[in-house]
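Below is one structure, written out as structure tokens; the observations come after it.
All of these numbers come straight from a predicted model, not from anything done at the bench.
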Amino acid sequence: MKLIFERSHEGRGCSILPECDVPVVSVSSANKREQPLHLPQLSENDLSRHYTELMKHTHGVNDGFYPLGSCTMKYNPKVNEEIAALPGFTKIHPLQPSETAQGSLEVLHKAEEFLCEITGMDNMTFQPAAGAHGEYTGLLLIKAYHEARNDKKRNKIIVPDSAHGTNPASAAMAGFEIVNVTSSPDGCVDVEKLKEVVGDDTAGLMLTNPNTVGLFDKNILEITKIIHEAGGLCYYDGANLNAVMGIVRPGDMGFDVIHLNLHKTFSTPHGGGGPGSGPVGCKKILTPFLPTPVVVKENDKYRLDYDRPQTIGTVKHFYGNFLVVVKALSYILTLGKEGIPEAAQNAVLNCNYLMNKLKDVYNMAFDEGCMHEFVMTISNLKKDKDVSAMDIAKALLDNGIHPPTMYFPLIVEEALMVEPTETESKETLDEASDVFHKIYEEAIANPSALHEAPVSTSVRRLDEVNAARNPHLRYEF
């Protein structure tokens, strides 16, 4: 399809903006651009057709099955979008007096109360804008805790080899050294290896449970105990909370701080550039260090408290992406005490159902009961038929299914990580199973055909290595 600049014609446009209702202020010549902005010039008809064509070239959860492992690309109820679009939430200003924004402050306070109950934490900040931002914030809390105790030798964060890639990156950004701990053959943390790397320089451990290969670590209480006995703190990556919410709480597992992905677990569409929200919850020992301001309730009124002498400061302007919190609260209130654990149970049920439907032909990296996601290894097909995980993924596109996560986690060769999510029906999972089986049969009978996939999409297989190394991101006028 044509780029929007290729559709542009000099002098064409559409009048869609209302007349300015405030005084016009001229910008001094010193502050003006030397050259005018390169903006496309299109009619409303051209503009509408351009974005409609773009829409037809994309695939989302409204188009079909989207089993992207570790990212929870699920269908989100539209009622939560409608609640977040209410004028009382969209037309407030972050600088208006607290007494004029009591409803919005109540949303933040109630969301904190419910999410702390779900996670087993004591307090929470909604400032972080995304999961990795939440990781960074949580690590700063850990750092501030040790510094407040004058325990400045604690400069190492332990990260399992199956962790999300953002974990070591966030720890490095927070000024820590990263210590890698290997997984045992069962896909969980090797406890003996963990014991070897902890010490008086251990600041903490970053872990998600269930982990990246979709397994609940049976040694989780021992793991957090080892860290605590060494004087460190335990950080919970909440990316996989949808598998256990309402069933078991990270705080009860021994974790001191946690980030959540509201844009994955609590009903905000994931991807597309945002907005996201990565609130951070913590136990009382870390509460003094939370970013300011925090919402407090006094005499049935809500206010913003900035008087926190030990705060790590502000990590995002104002109070985070507020409307994402509104959607999360709407989601929690809709599902209620019974619905939250039911959603987790359905995520686990769907995952185990599809895994068992596929294990007759596909090799599972860890052939046991999984939680919300499972990992297949295509190494046998790669060795016997020269069919890779990439080939399987591209063939799925020809069948209207978005590929699973490819080549992650790194501890699994030729990995495909599948997460069905709780919102998919049995019929959808059965159809997906049929497609996976059909692709496997083709891989055995005619492997060269898979090397050409996809053949029915608007764009054929791209040179992804060259695109990554030599990206062309700027339109040449």
Quiz item: Is a salt bridge present between D391 and R461, judged by a nitrogen-to-oxygen distance below 4.0 Å?
Solution: yes
Quiz prompt | H317, NE2 atom: more than 12 neighbouring heavy atoms under 6.0 Å | solution = no
Quiz item: So, are D434 and K438 salt-bridged, with charged N and O less than 4.0 Å apart?
Solution: no
Practice problem: Please state whether the rings of F477 and Y475 are parallel, tilted or perpendicular, taking 30° and 60° as the class boundaries. | Solution: perpendicular
Quiz item: Mind checking whether K264 and N242 have side chains closer than 4.5 Å, heavy atoms only?
Solution: no
N/O donor to acceptor pairs below 3.5 angstrom from side-chain atoms of residues 403-418, sequence neighbours left out:
residue	atom	partner	partner atom	Å
T405	OG1	G69	N	3.1
T405	OG1	G69	O	2.6
Y407	OH	M390	N	3.2
Y407	OH	E414	OE1	3.1
E414	OE1	A389	N	2.8

Quiz prompt | Any I312 side-chain heavy atom under 4.5 Å of T137 side chain | solution = yes
Quiz prompt | Within 6.0 Å of NZ in K359, more than 12 heavy atoms from elsewhere | solution = yes
Practice problem: Please check if atom CZ in R49 has more than 12 non-hydrogen atoms from other residues, nucleotides or ligands closer than 6.0 Å. | Solution: no
Exercise. Could you list the residues that satisfy ring-ring contact (aromatic ring centres under 6.0 Å, His included) with H437, not counting sequence neighbours?
Key: none
Practice problem: For Y440, enumerate each residue passing the ring-ring contact (aromatic ring centres under 6.0 Å, His included) test, keeping only those at least two apart in sequence or located in another chain. | Solution: Y362
Practice problem: Please answer whether the main-chain N or O of K382 pairs with a side-chain N or O of S388 as donor and acceptor at a distance below 3.5 Å. | Solution: no
Quiz item: Any salt bridge between E81 and K327, counting N to O under 4.0 Å?
Solution: yes
Quiz prompt | For A243, all residues meeting side chain to side chain contact (heavy atoms under 4.5 Å, CB included), sequence neighbours excluded | solution = P210, V348, M371, H372
Quiz item: When the ring planes of Y236 and F255 are compared, do they come out parallel, tilted or perpendicular, using 30° and 60° as the limits?
Solution: perpendicular
I'd like a table of donor-acceptor pairs (distance under 3.5 Å, sequence neighbours excluded) in which one partner is a side-chain atom from residues 32-40, with atom names and distances.
residue	atom	partner	partner atom	Å
R33	NE	Q35	O	2.9

Quiz prompt | Under-4.0 Å salt bridge between E106 and K297 | solution = no
Exercise. Report, as yes or no, whether the 6.0 Å neighbourhood of atom CD on Q102 holds more than 12 heavy atoms from other residues, nucleotides or ligands.
Key: yes
Quiz item: Do Y306 and T311 come within less than 4.5 Å of each other through their side chains, counting heavy atoms only?
Solution: no
Practice problem: Name all residues meeting the ring-ring contact (aromatic ring centres under 6.0 Å, His included) criterion together with Y75; count only those two or more places apart in sequence or in a different chain, and write none if there are none. | Solution: none
